[in-house]
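Worth knowing before you read on, the calculation uses all heavy atoms, side chains too, and leaves out hydrogens, waters and symmetry mates.
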Amino acid sequence: MERLHNSVKSKSKSYRMSHRSSFGAAASRLGLTPALAGRRLNTSRRAPKSHNITEKVSPEQLALLTKTEWQLSYVTPLYRFGHTQLKSYAGQLSAFIAAGKQHGLAVEVFDPQTAFRVSFSLVQGMTESDDDAETVLIQIHSKPLFAGQDEPQRTVWSGLLTCVNGNPEYLRSLPEYFICLPLFGSSGAEGLTTLVKSWFQQSFDCCFGPLEISHTSLQWLMALWTDCHTESSIQCLKMIWTLPAVPPLKVTYTVNPEDAWELWSSVRKKRGGEEEDCIDIEEVTSFMRGLMSHFYRHFKLDLSAGSLNQVSTALGSAKSSGRIKISNRRYMVTTLALLTECALLKMPI
């Protein structure tokens with residue numbers, strides 16, 4: 001370890017209005033089961049397994065998913081959203097953005113003479129259970145300001161709606177006509193993100209909210225990614241902490257991959273049978289405790305007094321502000337399953 005270093009809506013009522021007026025009333029109108037009543041992150045989950053999704057997901061979609069840093073939000077269930085209507089939705093959203101342009105929105109860095117073109121597409125193969133709805137990818141194409149006359153339009157904004165291994169009891173409790181795609185990722189101009197969210201809210205009676213990645217969720221990502229090291233090298237384990245000081249002290253803590261794997265292996269419990277591939281929160285906590293103890297021995301700084309703001313490996317990076325980049329397609333499903341869980345728990349009901 002010496003190489004460690006500091007370097008339903010009821011049919012006559014509005015889901016959105018019921019959400020704004022009273023959580024209790026909204027729950028009553030939706031007729032939800034108490035599936036998420038505990039509202040706690042799972043304390044045990046399956047160890048990550050490599051998924052060969054290249055046979056199901058197109059190379060172009062995979063390239064976008066793995067090269068993009070997404071800003072995460074949660075979104076409540078969509079009323080009467082249909083996966084067979086994506087072409088129609090593309091036209092409607094294009095018109096909505098065009099109307100926004102007339103009011104001076106979303107044109108700061110784009111040629112005002114160039115129309116935005118919207119595309120919706122299915123990302124098939126990203127589901128983990130029969131209850132999960134298929135992932136939807138949204139792209140907005142346009143020309144940047146000062147682009148050449150013959151230069152083709154390019155993608156200027158991307159969005160993702162997904163549900164991977166969602167809570168089955170909750171998904172089955174939803175009234176008819178509701179589709180749950182609770183995890184929303186966006187990449188591009190904030191003005192376009194605002195317009196897209198507004199269109200979804202008006203069209204499908206849903207609500208969006210920011211999805212930060214909690215301290216515990218960041219720890220889970222560290223552990224899950226480290227567990228993949230023998231199959232896909234994590235290259236390094238990097239953490240960024242903020243310690244309470246005046247001014248606040250920013251600490252970058254980088255761990256050699258073999259040292260991270262050695263520590264992780266030492267805290268893993270021996271199991272048999274169906275539980276052999278499980279990871280529980282005690283193992284994650286022990287892993288973090290070992291990392292913080294080693295740092296304290298060397299630098300006499302107690303990381304537990306601060307906050308974990310960012311974690312990264314070669315498999316991906318995540319920030320507490322809700323920004324995520326998944327760099328390895330083989331473990332994309334594992335990461336999205338955790339984030340789906342976070343989104344479902346963050347929803348007001």
For K319 and N309, what are the C-alpha separation, side-chain angles and deciding distance, and is it a side chain to side chain contact (heavy atoms under 4.5 Å, CB included)? CA-CA 6 Å; K319 301 176 183 178; N309 304 126; over 6 Å; no
Fit a plane to each ring of F184 and F208, take the angle between them on a 0 to 90° scale, and name the class: parallel (under 30°), tilted (30 to 60°) or perpendicular (over 60°). perpendicular
Treating Q71 as the side-chain partner and L211 as the backbone partner, does any N or O pair qualify as donor plus acceptor under 3.5 Å? no
Verify, without hydrogens or angle tests, whether T340 (side chain) and V164 (backbone) share a donor-acceptor contact under 3.5 angstrom. yes
Test S119 against K87 for side-chain hydrogen bond (donor to acceptor under 3.5 Å, both in side chains), laying out the working first. CA-CA 7 Å; S119 64; K87 186 175 181 179; over 6 Å; no
Going by atom types alone, do N165 and S129 pair a side-chain donor with an acceptor below 3.5 Å? no
Between D205 and L78 (side chain of the first, backbone of the second, donor and acceptor by atom type, cut-off under 3.5 Å), is there such a pair? no
Cut-off 3.5 Å, side chains only: do T193 and W157 have a donor facing an acceptor? yes
Which atom names give the shortest non-hydrogen contact between R80 and Y89, and what distance separates them? O-OH, 3.6 Å
Out of curiosity, K67 NZ to E69 CD, how far, rounded to the nearest 0.5 Å? 15.5 Å
Using the six-membered ring wherever Trp is involved, compare the ring planes of F120 and F200 and label them parallel, tilted or perpendicular (cut-offs 30° and 60°). tilted
For K238, look at atom NZ and say whether over 12 heavy atoms of other residues, nucleotides or ligands are found less than 6.0 Å away. no
Is there side-chain contact between I279 and W264, with at least one heavy-atom pair below 4.5 Å? yes
Distance, nearest 0.5 Å, that separates CG of L221 from CG of L338: 5.0 Å
Distance check, rounded to the nearest 0.5 Å: I179 atom CD1 versus C206 atom SG? 12.5 Å
Do you know which two heavy atoms are closest between D131 and P168, and how far apart they sit? OD2-CB, 3.6 Å
Could you measure the distance from the OG atom of S187 to the CG atom of L65? Nearest 0.5 Å is fine. 11.0 Å
Rounded to the nearest 0.5 Å, how far apart are CD1 of I324 and OG1 of T335? 6.5 Å
Taking the side chain from D259 and the backbone from V255, do they hold a donor-acceptor pair closer than 3.5 Å? no
F295 vs F299 aromatic rings, parallel, tilted or perpendicular, using cut-offs 30° and 60°? tilted
In terms of relative ring orientation, are F178 and Y79 parallel, tilted or perpendicular, with 30° and 60° separating the classes? tilted
Does K346 reach the main-chain N or O of P210 with its side chain, forming a donor-acceptor pair under 3.5 Å? yes
Separation between OG1 (T334) and CD (E128), nearest 0.5 Å, reads 7.0 Å
Indicate yes or no: at least one non-hydrogen side-chain atom of M126 is less than 4.5 angstrom from one of I53. yes
Hey, can you tell me if F204 and W199 have their rings parallel, tilted or perpendicular (30° and 60° cut-offs)? perpendicular
Can you find a pair of side-chain heavy atoms, one from V156 and one from L192, that are under 4.5 Å apart? yes
Hydrogens and angles aside, do S94 and R117 bring a side-chain donor and acceptor to less than 3.5 Å of each other? no
Heavy-atom closest pair (E341 atom, N42 atom, distance to 0.1 Å) is OE2-N, 2.5 Å
Taking the side chain as C-beta and beyond, is there a heavy-atom pair between I240 and V251 under 4.5 Å? no
Kindly determine whether K269 and D280 satisfy salt bridge (charged side-chain N to carboxylate O under 4.0 Å, His left out), including the steps that lead there. CA-CA 9 Å; K269 300 175 183 178; D280 60 42; 3.0 Å; yes
Could you pull out the closest heavy-atom pair between T76 and M347, with the gap in Å? CA-SD, 3.7 Å
Looking only at side-chain N and O atoms, does S320 offer a donor or acceptor that is under 3.5 Å from a partner on H215? no
For W70, does its backbone N or O pair with a side-chain atom of T68 as donor and acceptor, under 3.5 Å? no
Distance under 6.0 Å and angle within 45° of the ring axis: does R45 meet both against W220? yes
Any idea which heavy atoms bring I234 and P257 closest together, and the distance? CG1-CB, 3.8 Å
Backbone N/O of C228 and side chain of S232: donor-acceptor pair under 3.5 Å: no
Test log, rule side-chain hydrogen bond (donor to acceptor under 3.5 Å, both in side chains), inputs Q92 and S88: CA-CA 6 Å; Q92 294 172 38; S88 174; 2.9 Å; yes
Donor-acceptor side-chain pairing of S312 and S317 below 3.5 angstrom: no
Shortest non-hydrogen separation from S121 to L86 and the atoms involved: C-CD1, 4.0 Å
Between Y177 and F81, is the ring centre distance below 6.0 Å? no
List for me each residue that meets salt bridge (Lys or Arg N to Asp or Glu O under 4.0 Å) alongside R268, sequence neighbours excluded, and say none if there are none. D227, E283
Would you say the side-chain atoms of S286 pair up with the backbone N or O of E282, donor to acceptor, closer than 3.5 Å? yes
Determine yes or no for a side-chain-to-main-chain donor-acceptor pair under 3.5 angstrom, with S293 supplying the side chain and R289 the backbone. yes
